[in-house]
2 protein chains.
Amino acid sequence: MTDTRIPLSRDRILTAAVELADAAGVEVMSMRKLAGSLGFEVMSLYNHIANKGDLITGMVDWIAGDMARLDPDRPGKQAVRDMSISAHDVLIEHPWAAPLWTRSMPGPNRLLLMEDLLAAFRRGGFSPRLAHFGFHAITMHIVGFTLQQLNYAETNSATDDAASAFIATLDPEQFPYMIEHVEYHIHDDEGGDFVFILDLILDGLERAKG
Amino acid sequence: MTDTRIPLSRDRILTAAVELADAAGVEVMSMRKLAGSLGFEVMSLYNHIANKGDLITGMVDWIAGDMARLDPDRPGKQAVRDMSISAHDVLIEHPWAAPLWTRSMPGPNRLLLMEDLLAAFRRGGFSPRLAHFGFHAITMHIVGFTLQQLNYAETNSATDDAASAFIATLDPEQFPYMIEHVEYHIHDDEGGDFVFILDLILDGLERAKG
DNA sequence: ACCTGAACACCGTTCAAGT
DNA sequence: ACCTGAACACCGTTCAAGT
């Protein structure tokens, strides 16, 4: 009885892991279920990945590979803007990734993005110090904003019913602006907020360059 | 044989949980160990908290209570600046909290901080829309920046040896700016970066107000 | 009302055994 | 070299039983 299964590999495992996390969430994706989804036993995975931490690092770097590299032919500010928007899009596509982003070491794909970003600032005439600030401001915005956005989507569930229910628990005397804020999210949020703050940061950095 | 132990309460449990997480990290703080540190059995906890999610929400809100409320007597921009710095300090003191911040619903203490922040913007003459942007930009900076900072401290371990080792793995031809960036973290990072970017955001918002 | 023990349905990972 | 079964040391939580 020969084994007709396609043999495991790091790539196959990572692809399946991303798929599983996309479909069911990371908290559901256990080593056992991952192996099961591939038709192998748990321990087979350990022939290709070191441990669960290694798996997660690989998953994060896997989706980093989907983010658009900086276009070297465009002005630095435009290239950074495009990359940021692409990165944000990818993180929204894979909602499990943003919380893990800051918790794992950068893999090869992420390293390339980081180098690109720093290079764009330095070649654009930023001092090492200002490039350093710019780097942190931009990456922080990409990950942090997405994190908040996803959290909002989650706590307010699919529909806006939960948001309305949340408002109902608030005393309008004590939390008038909080209520206004949540209502903004329900009615007026067209998704342009990420880019608005991004431009605010980019303009601020350019001004700081002097 | 009478029981001389101080009876459990939600407050006692939360205090012990924060203490345990501070000392050993959240990933180590299990329900079983938490109960053990209090001298009770696991299941006793469930008489005071609903489940682990409830516990974590409570822990996050517990430390939110340590953050300085906005001073209503100061100009809005200054008050927001002070609150942000205080919040950042508290998150650095409790390194487990920032990753959980965006993953749990706001409790009573956090709600007050959020309302304060929104009120400062609105009373300072911001439109609902701009107050909304400002709110997200500031909270994102507080949590996101701290997250990156903690991650850096972690991957580079206590000493700078790990950072140097990390640099050593990088090809200087391919990653010149990445190397420069990590070296900045090792040598020139005096901790003023959080405030620098904070001011950049505050100035940007004020300018957007027109 | 609050505390507890046993049990259930899970985890990640080690180790020795197979091919 | 790669796959596997059994076992270990954990989890969070339910349920029935105690006081």
Side-chain angles (χ1 to χ4, degrees), chain A residues 1-62 96-97 99-100 103-105 154, chain B residues 1-62 96-97 99-100 103-105 154:
Chain A
M1 205 52 187
T2 63
D3 192 339
T4 61
R5 295 175 301 183
I6 306 165
L8 283 176
S9 68
R10 192 162 214 273
D11 261 27
R12 279 197 73 207
I13 291 173
L14 289 179
T15 316
V18 168
E19 225 165 85
L20 197 57
D22 283 346
V26 241
E27 65 284 351
V28 166
M29 197 230 35
S30 66
M31 295 296 267
R32 286 171 152 90
K33 280 184 192 139
L34 175 56
S37 82
L38 284 157
F40 287 80
E41 299 302 318
V42 209
M43 287 318 300
S44 306
L45 301 177
Y46 288 83
N47 291 307
H48 303 93
I49 55 161
N51 50 44
K52 193 164 187 185
D54 180 34
L55 174 72
I56 282 174
T57 303
M59 288 171 71
V60 170
D61 205 61
W62 181 270
W96 48 269
L100 299 176
R103 314 213 55 163
S104 56
M105 287 277 282
E154 204 171 300
Chain B
M1 205 52 187
T2 63
D3 191 340
T4 60
R5 295 174 302 183
I6 306 165
L8 283 176
S9 69
R10 192 164 213 275
D11 260 27
R12 280 197 73 208
I13 291 173
L14 289 180
T15 316
V18 169
E19 224 165 86
L20 198 57
D22 282 346
V26 242
E27 64 285 349
V28 165
M29 198 230 36
S30 66
M31 296 296 267
R32 285 172 152 91
K33 281 184 191 137
L34 175 55
S37 82
L38 284 156
F40 287 80
E41 299 301 319
V42 210
M43 288 317 300
S44 308
L45 300 177
Y46 287 85
N47 291 306
H48 304 93
I49 54 161
N51 49 44
K52 192 163 188 188
D54 181 34
L55 174 72
I56 282 174
T57 303
M59 289 172 68
V60 170
D61 205 61
W62 181 270
W96 48 268
L100 299 175
R103 313 214 56 164
S104 56
M105 286 279 280
E154 204 171 300

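Within every chain, numbering begins at 1; the chains are lettered A, B, ... in the order of the sequence lines, protein sequences first and strands thereafter.
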Please report the distance, rounded to the nearest Å, between [atom1] in [X] and [atom2] in [N].
X: B/Leu38; N: C/dC2; atom1: CG; atom2: P; result: 16 Å
X: B/Met43; N: D/dA16; atom1: CE; atom2: P; result: 13 Å
X: B/Phe40; N: C/dT4; atom1: CZ; atom2: P; result: 6 Å
X: A/Leu8; N: C/dT19; atom1: CG; atom2: C1'; result: 16 Å
X: B/Leu55; N: D/dT13; atom1: CG; atom2: C1'; result: 14 Å
X: A/Leu34; N: C/dG12; atom1: CG; atom2: C1'; result: 13 Å
X: B/Asn51; N: D/dT14; atom1: CG; atom2: C1'; result: 13 Å
X: B/Lys52; N: C/dC10; atom1: NZ; atom2: P; result: 18 Å

Open item on the list: Side chain of A/Glu41 only, heavy atoms from C-beta on: which candidate in C/dG12, D/dT4, C/dG5 is closest?
Closed with: D/dT4

- [ ] Could you please name the option among D/dT13, D/dT4, C/dG12 that lies closest to any side-chain atom of A/Arg5?
- [x]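 From the listed options, D/dT4 comes nearest.
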
Open item on the list: Pick the closest DNA chain D nucleotide for A/Asn47 and for A/Arg32 by heavy atoms, then say which residue is nearer the 5' end.
Closed with: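 Mapping each residue to its closest nucleotide by heavy atoms, the 5'-most match is A/Asn47.
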
Open item on the list: Classify A/Ser44 by what it touches in the nucleic acid, base, sugar-phosphate, or nothing, heavy-atom distance under 4.0 Å.
Closed with: base

TODO: Select base, sugar-phosphate, or nothing to describe what A/Met31 touches, counting heavy atoms under 4.0 Å on all strands.
DONE: sugar-phosphate

[X] vs [Y] side-chain heavy atoms within contact, under 4.5 Å:
X: A/Met59; Y: A/Leu20; result: no
X: B/Leu34; Y: B/Leu55; result: yes
X: A/Leu8; Y: A/Asn47; result: no
X: B/Leu38; Y: B/Leu45; result: yes

[N] phosphate, OP1 or OP2, under 4.0 Å from [X] side-chain N/O:
X: A/His48; N: D/dC3; result: yes
X: A/Lys33; N: C/dC11; result: yes
X: B/Tyr46; N: D/dT14; result: no

Task: Full working for side-chain contact (heavy atoms from CB on, under 4.5 Å) between A/Glu19 and A/Met29 - done: CA-CA 10 Å; A/Glu19 225 165 85; A/Met29 197 230 35; over 6 Å; no

Task: Pairing partner of D/dA7 (Watson-Crick or G-U wobble, both distances under 3.5 Å) - done: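 With both distances under 3.5 Å, D/dA7 matches C/dT13.
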
